[in-house]
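These notes are about the structure you will find just below.
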Amino acid sequence: MLRQFHKMHGLGNDFVILDARDEPLAMTEALARHIADRREGVGCDQLILLEPSASADLKMRIFNADGSEVESCGNATRCVVKLTGAATVETAGGLLTGSAEGAEVEVTLVEPRFEWDAIPLAYPMPTDPMPMGWENFDRPQAINVGNPHVVFFVDDLEDADLEGIGPGIESDPVFPERVNVNVASVEGGAIRLRTFERGAGLTRACGTGACATAVAAIRARLVTSPVTVHMAGGDLTIAWAPGEPVRMRGSATHVFKGTIDLQ
Ligand SMILES: N[C@H](CCC[C@H](N)C(=O)O)C(=O)O
């Protein structure tokens, strides 16, 4: 069975987007893993499936490269808004709004959650910061921005062994739904960020990671809103104040349209 797809990326965090609004497509973890495979499939960090929605212009389902279906994806939301012109997007992490403004896309995500059971954590504990450590990464803030994140602030980002320590934190039993791992430094009023993503590993940028990290830095009075977040793939501008949803602005790039044989 041949299906058309769009290949897009948000700051190097790349996606295969399948539009199933007119022609349903039964997605499985195995099929998502196959499409995301960079040798036997098309290759992407996340597979994005568009479906009809009763509450928004469309529904966006997100599957990590390991096949796991998750609640939210910031970079992909900008790509979907740019590709479809949708102004409202239903996701498992909440109802999002977006608009394309020239070369950039502005997306409003959800209001961040901070309670232990909203992250979620396996048992009650403070989340600002968590009284826990993993080797030389300790006392992170835990924040849910539609999906779960922990944020570690360090002095030397290059020295942080995120590749080595990330997998153990991602799958620590204290995170029953696993977690996205963010390590950041604050320099000159801006944030530099690296993210080890749940279900995808190190990516060149993470939109929800940038949102969670900006919220953590604003709460800790390390920066003021709006704040620029620098990542390997490029920059996002994040705005937030307590009691508000998080707003993200950045690019979204269409690379090519293709056809895949789903057998
Ligand atoms: N790995 C994330 C989903 C993709 C998030 C990221 N690509 C973004 O731009 O927000 C999770 O399991 O919650």
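For ligands, and for the atoms within them, numbers begin at 1 and follow the listed sequence. Every value quoted in this text rests on a predicted model; they were computed, and no experiment measured them.
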message: Below the 3.5 angstrom mark, is there an N/O of Asn13, backbone or side chain, next to an N/O of ligand 1?
response: yes
statement: So the atoms of ligand 1 within less than 4.0 Å of a heavy atom of Asn64 turn out to be 1 (N), 2 (C), 3 (C), 11 (C), 12 (O)
field: Pair Arg247, Thr237: side-chain N/O donor-acceptor within cut-off below 3.5 Å
entry: no
message: I'd like to know if Asp45 contacts ligand 1, where contact means a heavy-atom distance under 4.0 Å to any ligand atom.
response: no
message: Is it true that Glu106 and Thr108 share a donor-acceptor pair across their side chains at a distance under 3.5 Å?
response: no
message: I'd like to know if the side chain of Thr195 reaches the main chain of Glu197, judged simply by a donor and an acceptor atom lying under 3.5 Å from each other, with no hydrogens or angles considered.
response: no
message: Here's one to test your reading of the geometry: is the NZ or CZ of Arg219 within 45 degrees of the ring axis of Phe114 and under 6.0 Å from its centre?
response: yes
message: Please list, in number order, the atoms of ligand 1 under 4.0 Å from a heavy atom of Asn75.
response: 8 (C), 9 (O)
Mutual orientation of the aromatic rings belonging to Trp134 and Phe175 [parallel < 30°, tilted 30-60°, perpendicular > 60°]: parallel
message: Is a donor from one side chain sitting under 3.5 angstrom from an acceptor on the other, for Glu71 and Asn147?
response: no
- request: Would you mind listing the cluster partners of Leu2? Hydrophobic ones only (ILVMFWY), side-chain contacts under 4.5 Å, chaining allowed.
  value: none
field: Proximal candidate to atom 9 (O) of ligand 1 [heavy atom criterion; set Ala200, Gly207, Ser68, Pro148]
entry: Gly207
message: For atom 5 (C) of ligand 1, what is the closest protein heavy atom, and at what distance to 0.1 Å?
response: Glu197 OE1, 3.5 Å
contact_flag Cys206 ligand 1 heavy-atom lt 4.0 Å: yes
message: Using ring centroids (six-membered ring only for Trp), state whether Phe256 and Phe5 fall under 6.0 Å.
response: yes
query: Taking the non-hydrogen atoms of Asn180, is any one of them nearer than 4.0 angstrom to ligand 1?
result: yes
query: Is a side-chain N or O of Asp45 found less than 3.5 angstrom from the main chain of Thr203, in a donor-acceptor match?
result: no
query: Does Ser72 have a heavy atom less than 4.0 Å from any atom of ligand 1?
result: yes
- prompt: For Gly74 and ligand 1, does the shortest N/O to N/O distance drop below 3.5 Å?
  reply: yes
task: Answer with side chain, backbone, both or neither: which part of Arg178 has a heavy atom less than 4.0 angstrom from an atom of ligand 1?
output: neither
message: If the cut-off is 4.0 Å to any non-hydrogen atom of Asn147, which atoms of ligand 1 fall inside it?
response: 2 (C), 11 (C), 13 (O)
Protein heavy-atom partner closest to atom 10 (O) of ligand 1 - residue, atom, separation in Å: Thr208 OG1, 2.6 Å
